[in-house]
Amino acid sequence: MRVGVLKGFLSRRYLGFWEAYLGALGVEVVRAEVPPDRRQPYCLPVQGLLAQVEALKAQGVDYLLLPDLQGGVESERGGGACPWLLDLEAALLRYYPGLPPVLKVPAELSERTLGRAGEVGQILTQNPMLVGRALDRAKGLLKPPPPPKTPLGSVGVVAQPYLLEDEAFRQEVGEALARVDLLPYFPDLPPERLREEGQKLLPMDLPTDRELLGMLHYLGRLGRVKGLLLVVSYACPPIPSLLRRAARRLSKPYRLLTLGEDWQEPLRSLKGEMTGEA
């Protein structure tokens with residue numbers, strides 16, 4: 001039995017447990033280390049996702065493990081979520097009609113993950129005793145990982161959670177700010193705390209929307225943060241409009257920027273506002 005897994009889209013939050021659990025079941029875990037498919041008309045993270053899925057499909061995996069980014073929550077208000085965040089499986093099926101069977105799992109670790117792990121184990125092995133032993137071996141990994149460490153800079157960085165957990169993204173932002181002698185401050189609260197912060201700013205249904213707004217609210221009231229950098233992966237209309245609407249409630253200067261654009265002049269002007277030299 002071969003199960004394909006994906007890097008990115010919050011994999012830091014859930015994949016360590018699932019890889020260990022699948023290994024304990026005797027299942028072969030298959031990764032695809034491939035570059036993004038830049039021919040696709042989507043943002044870089046989605047290009048990377050599509051390239052991995054294509055490679056896993058070509059390798060002949062029996063199942064594809066996908067994260068449920070919203071924890072089963074459906075939104076009637078829309079918010080800032082793109083289709084890839086709303087329902088990853090449905091979005092992929094539009095482009096890969098022959099997608100391998102999907103095992104959808106929570107994108108975060110908690111006690112409820114054990115229930116889903118038991119169901120997945122039964123699907124893969126049909127062996128309750130093996131499933132029980134595998135759960136015992138892997139359940140010590142159910143503790144959520146701490147937020148990545150952040151430089152103690154003066155520019156708060158706000159972006160969709162799947163971007164902020166990407167080390168390459170953090171490095172790119174840090175290098176761009178360093179060119180104008182600034183340092184970033186990435187949100188350093190756990191996801192559930194950020195969602196609580198988000199509800200104080202604007203009511204949102206989707207967990208990723210609440211977490212995004214929670215970053216803005218938290219960094220906006222943090223004393224050491226003097227300005228905010230709001231980053232979107234591409235100019236998908238719902239996300240920038242949501243961020244602009246929320247940022248207008250804050251008093252600190254900010255810039256809304258898109259990955260792949262030239263940031264130098266906007267960052268210089270942001271620095272000027274932060275230091276009173278604008």
Side-chain angles (χ1 to χ4, degrees), residues 6-16 31 33-36 38 42-49 51-52 67 69 80 82 84-85 107-109 144-195 197-198 207-220 222 224-236 239-240 243 247 252 254-264 266-268 270-271 274:
L6 300 173
K7 181 180 178 182
F9 275 73
L10 303 185
S11 60
R12 193 187 74 88
R13 297 185 182 181
Y14 73 91
L15 194 53
R31 283 183 178 243
E33 301 292 338
V34 292
R38 295 183 180 273
Y42 308 110
C43 65
L44 186 60
V46 171
Q47 290 173 345
L49 179 78
Q52 290 180 71
L69 300 172
C82 73
W84 300 97
L85 297 180
E108 292 182 358
L109 300 180
K149 293 183 178 179
T150 179
L152 300 180
S154 60
V155 180
V157 181
V158 176
Q160 280 285 354
Y162 71 89
L163 281 178
L164 274 181
E165 299 221 338
D166 183 340
E167 189 55 42
F169 169 80
R170 288 176 169 246
Q171 182 176 344
E172 182 177 347
V173 171
E175 290 172 352
L177 287 169
R179 286 193 282 271
V180 294
D181 299 317
L182 290 172
L183 279 174
Y185 192 106
F186 299 104
D188 53 356
L189 294 181
E192 62 273 15
R193 290 278 307 281
L194 287 173
R195 290 171 198 148
E197 291 277 340
T208 53
D209 284 348
R210 294 202 303 270
E211 192 171 337
L212 180 69
L213 295 183
M215 297 175 197
L216 196 62
H217 189 263
Y218 168 61
L219 295 171
L222 204 62
R224 70 172 305 112
V225 170
K226 307 304 180 185
L228 295 163
L229 179 59
L230 319 182
V231 184
V232 294
S233 54
Y234 66 132
C236 177
I239 297 174
L243 283 173
K252 293 180 179 178
Y254 72 91
R255 294 294 182 275
L256 176 62
L257 301 178
T258 303
L259 282 177
E261 293 180 348
D262 183 358
W263 290 4
Q264 191 155 357
L267 290 181
R268 286 189 192 281
L270 175 62
K271 181 181 179 182
M274 290 166 55

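We number each residue from 1, following the sequence as shown.
Minimum interatomic distance between M215 and P187 (heavy atoms only, all atoms of both residues): CG-CG, 3.6 Å. For the pair T150 and F186, the tightest heavy-atom approach, listed with the atom from each and the gap, is OG1-N, 2.7 Å. Here the closest non-hydrogen pair linking K271 and V180 is NZ-O, 3.0 Å.
For Y162, the ring-ring contact (aromatic ring centres under 6.0 Å, His included) partners at least two apart in sequence or on another chain are F9. Q47 pairs by the side chain to side chain donor-acceptor pair (under 3.5 Å) definition with nothing, not counting sequence neighbours. In this structure, Y185 has no ring-ring contact (aromatic ring centres under 6.0 Å, His included) partners at least two apart in sequence or on a different chain. Listed by chain and residue number, nothing satisfies the side chain to side chain donor-acceptor pair (under 3.5 Å) test with Y254 (two or more places apart in sequence, or in another chain). For the ring-ring contact (aromatic ring centres under 6.0 Å, His included) test, no residue two or more places apart in sequence or in another chain qualifies with W263. With sequence neighbours left out, R255 forms a salt bridge (Lys or Arg N to Asp or Glu O under 4.0 Å) with E273.
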Give every donor-acceptor pair under 3.5 Å between a side-chain atom in residues 171-179 and any protein atom, sequence neighbours left out.
unit_1 : atom_1 : unit_2 : atom_2 : d
Q171   : NE2    : E175   : OE2    : 3.1

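Side-chain atoms of L259 and C43, non-hydrogen and from C-beta on, never get closer than 4.5 Å to each other. In this structure the side chain of P266 reaches within 4.5 angstrom of the side chain of L257, judged on heavy atoms. R31 is listed as a side-chain neighbour of L15, based on a closest heavy-atom distance under 4.5 Å. Contact annotation: the side chain of K252 never approaches that of L219 to less than 4.5 Å [non-hydrogen atoms, C-beta and beyond]. Side-chain contact between S233 and Q160 is absent, with no heavy atoms from C-beta onward closer than 4.5 Å. Looking only at side-chain heavy atoms (C-beta outward), P45 and L163 come within less than 4.5 Å of each other. Annotation: side chain of L213 is not in contact with side chain of E197 (no heavy-atom distance under 4.5 Å). By the 4.5 Å heavy-atom criterion applied to side chains, L267 and L229 are counted as neighbours.
Applying the salt bridge (charged side-chain N to carboxylate O under 4.0 Å, His left out) test to every pair with at least one member in residues 184-193, sequence neighbours left out, gives no pairs at all. Screening residues 145-171 for salt bridge (charged side-chain N to carboxylate O under 4.0 Å, His left out) gives R12-E165, R13-E165 as the qualifying pairs, with residues at least two apart or on separate chains.
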Could you go through L182 and S154, starting from their C-alpha distance and side-chain angles, then the distance that decides it, and tell me whether this counts as side chain to side chain contact (heavy atoms under 4.5 Å, CB included)? CA-CA 7 Å; L182 290 172; S154 60; 4.1 Å; yes

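Atom-to-atom distance recorded for Y218:OH and L189:CG is 4.5 Å, nearest 0.5 angstrom. L183 CG to D181 CG: the interatomic distance, rounded to the nearest 0.5 Å, is 9.0 Å.
For E108 (side chain) and P144 (main-chain N/O), no donor-acceptor pair under 3.5 Å exists by modelled atom type.
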